[in-house]
2 protein chains.
Amino acid sequence: MNTATRKEEIVAVASSLFKEKGYNAVSMRDIAQEMGIKAASLYNHISGKQEILSTLILYLARKFTSGMQAVIDSGGTPLDKIKEVIEMHIDITVNHSEALAALNNDWMHLENEDLSNFVRMREDYEDNFRKIIKQGIEEGDLKPRHPEVILFSILSTLRTLYLWYQKRGKLDVNVLKKDMVAVLLEGIV
Amino acid sequence: MNTATRKEEIVAVASSLFKEKGYNAVSMRDIAQEMGIKAASLYNHISGKQEILSTLILYLARKFTSGMQAVIDSGGTPLDKIKEVIEMHIDITVNHSEALAALNNDWMHLENEDLSNFVRMREDYEDNFRKIIKQGIEEGDLKPRHPEVILFSILSTLRTLYLWYQKRGKLDVNVLKKDMVAVLLEGIV
DNA sequence: TAACAAAACTAACGTTTGTTAGTTACATAT
DNA sequence: ATATGTAACTAACAAACGTTAGTTTTGTTA
């Protein structure tokens, strides 16, 4: 068992505690206890509590960034791209539902360059999505609604998916994608 | 200036600090400093940090509960009721955008009966909304999508509205309601 | 002016926090 | 058998936390 693996274990355990109580309400002693060791032993594998948070969040932020880049490069219509973004979000959520809580709720506890890098990535992400939506409206694929309302109604739904995906009996991923795309794009009436 | 007013002032100041950093990252000294007094002085008006949180959250939770009851009693079609729920959320968000952060992110730090009361109110709220949606599907007003997907895509959007409502140049409330209802009900394509 | 209540203050308390230092247990390689 | 490196341990630190006790300031009422 090498150090890298042990570190990943710590990050994984911390993720699920952060999801329950938030970054600041989880102590190093809590994390250690959950792993069956003492708090001081954690420092053989990580440099501090901050590193756990930044490892966690920046790993996911990079996934979203590269996922968005893949969508942009895909060459489809704006409507195709929106579908791809939705599906990407669902894929990441299904595979990392524990860690997503920290990304959504605890990013402001990042420090220095980690914080500014995250904020920049998040702004870029939203900007890219906004451009796709605006292009869709210009080309007549989308109804002429306020782009900001479209952007945040889709993004809000996708970003909080991690909260209810698992507690509702683990819907099949493909069914979820299909229904989600339908509801978000075509509405409900 | 009576005690009740001073307490409300504390709760208001705390709300906006909680929104920025979360309940556990805000100290009594932070709150006091923001008010220009010392931490110990806060205890002339409140019994403790917990009381700030529970005052804040339960006040809002009751607003949502009574708002939902008004919708149920309104006697409209399921579709009418969904529109009313959306408009109610927007009204509460516009009037209490600071305090909504704690309701969404810090409710788990409530204690004892406050916690159980809140959880019950939240479950009841979702149940009531779910019933409206299911009835809408049965009566043919809504497309036959998975009710859970409809419920949470609408609710997620409404619950995170406080995050972006003000930073996007304060859209007019009535325009926001109109666009939001349109996007959530009729989709974007 | 004296009395009173409200709301601020200073000082300190016991805990909990993240973290460091130094030490021990144990498996693997020489 | 010895040496080495990994990963656990105990003990302790300074700082920050929520909170309490007792005191002073301030403004209003009799």
Side-chain angles (χ1 to χ4, degrees), chain A residues 1-58 102 105-115, chain B residues 1-58 102 105-115:
Chain A
M1 192 176 288
N2 62 24
T3 303
T5 302
R6 195 67 169 145
K7 174 177 169 183
E8 283 162 19
E9 227 179 304
I10 293 172
V11 172
V13 165
S15 293
S16 87
L17 291 177
F18 292 165
K19 183 179 180 183
E20 274 180 57
K21 313 201 287 176
Y23 177 72
N24 272 282
V26 175
S27 70
M28 294 299 274
R29 286 164 179 83
D30 291 335
I31 298 170
Q33 188 174 43
E34 192 76 10
M35 298 195 64
I37 61 177
K38 298 290 173 182
S41 306
L42 294 170
Y43 290 81
N44 285 316
H45 309 283
I46 50 148
S47 69
K49 198 185 178 188
Q50 259 295 307
E51 195 194 358
I52 300 179
L53 187 69
S54 63
T55 299
L56 194 55
I57 291 183
L58 292 178
N105 303 321
D106 292 319
W107 60 267
M108 71 284 278
H109 301 120
L110 290 172
E111 291 171 0
N112 308 321
E113 323 82 40
D114 288 337
L115 177 59
Chain B
M1 194 176 289
N2 61 25
T3 304
T5 303
R6 195 67 169 144
K7 175 177 169 182
E8 282 161 21
E9 227 179 304
I10 293 172
V11 171
V13 165
S15 293
S16 87
L17 291 177
F18 292 165
K19 182 179 181 181
E20 274 180 56
K21 313 201 288 176
Y23 178 72
N24 271 283
V26 174
S27 70
M28 295 298 274
R29 287 165 178 84
D30 291 334
I31 298 170
Q33 190 175 41
E34 192 77 9
M35 299 194 64
I37 61 177
K38 299 290 174 182
S41 306
L42 295 170
Y43 290 81
N44 285 315
H45 309 283
I46 50 148
S47 70
K49 198 184 178 188
Q50 258 297 304
E51 195 194 359
I52 300 178
L53 187 68
S54 63
T55 299
L56 193 58
I57 291 183
L58 292 178
N105 303 320
D106 292 317
W107 60 267
M108 71 282 278
H109 300 120
L110 290 171
E111 290 171 0
N112 308 322
E113 324 82 40
D114 288 337
L115 177 59

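Here is how names work: the chains are called A, B, and so on, in the same order as the sequence lines, proteins then strands, and each is numbered from 1. These values consider heavy atoms only, across backbone and side chains, with no hydrogens, waters or symmetry-generated copies.
No donor-acceptor distance shorter than 3.5 angstrom exists from the side chain of A:His109 to the backbone of A:Gln50, with no hydrogens or angles considered.
B:Glu51 has its CD atom 14 Å from the C1' atom of D:dG18, to the nearest Å. A:Met35 places its CE atom 12 Å from the C1' atom of D:dA8, with the value rounded to the nearest Å. Atom CE of A:Met28 and atom P of D:dA15 are 20 Å apart (whole Å). Regarding B:Ile10, its CD1 atom lies at a distance of 13 Å from the P atom of D:dT19, rounded to whole Å. For A:Asn24 and D:dG18, the CG to P distance is 11 Å, given to the nearest whole Å. For A:Arg29 and D:dC17, the CZ to P distance is 16 Å, given to the nearest whole Å. Atom C1' of nucleotide D:dC17 and atom NE2 of B:His109 are separated by 15 Å, given to the nearest angstrom. Going from atom CD1 of A:Ile52 over to atom C1' of C:dG18 covers 11 Å, rounded to whole Å.
Comparing A:Ser47 and A:Asp30 against DNA chain C, the residue whose closest nucleotide sits nearer the 5' end is A:Asp30.
The side chain of A:Arg6 places an N or O atom within less than 4.0 Å of a non-bridging phosphate oxygen (OP1 or OP2) of D:dA8. For A:Ser41 and D:dC9, the shortest distance from a side-chain N or O to OP1 or OP2 is below 4.0 Å. A sub-4.0 Å separation between OP1 or OP2 of D:dA8 and a side-chain N or O of A:Lys38 is absent. Taking 4.0 angstrom as the limit, A:His45 places none of its side-chain polar atoms (N or O) nearer than this to OP1 or OP2 of D:dT6.
If you check D:dA11, D:dT19, C:dG18 against the side chain of A:Ala40, the one that comes closest is D:dA11. Ranking C:dA8, D:dT19, C:dT19 by closeness to the B:Ile37 side chain, first place goes to C:dA8. Side-chain proximity of B:Ser27 to the nucleotides C:dG18, D:dC17, D:dT19 is greatest for D:dC17. The side chain of B:Tyr43 sits closest to D:dT20 out of D:dA8, D:dC9, D:dT20.
Taken to the nearest 0.5 Å, the OG1 atom of B:Thr55 stands 8.0 Å off from the CG atom of B:Leu58.
Judged by Watson-Crick or G-U wobble contacts below 3.5 Å, the nucleotide D:dC9 has C:dG22 as its partner.
The minimum heavy-atom distance linking A:Asp106 with A:Tyr23 is given by the pair OD2-N, 3.0 Å. Here the shortest heavy-atom pairing between A:Gly48 and A:Tyr43 reads CA-CE2, 3.8 Å.
Using a 4.5 Å heavy-atom threshold, the side chains of A:Glu51 and A:Lys7 count as touching.
On a pure distance criterion of 3.5 Å, no polar donor-acceptor pair joins the side chain of B:Asn44 and the base of C:dA6.
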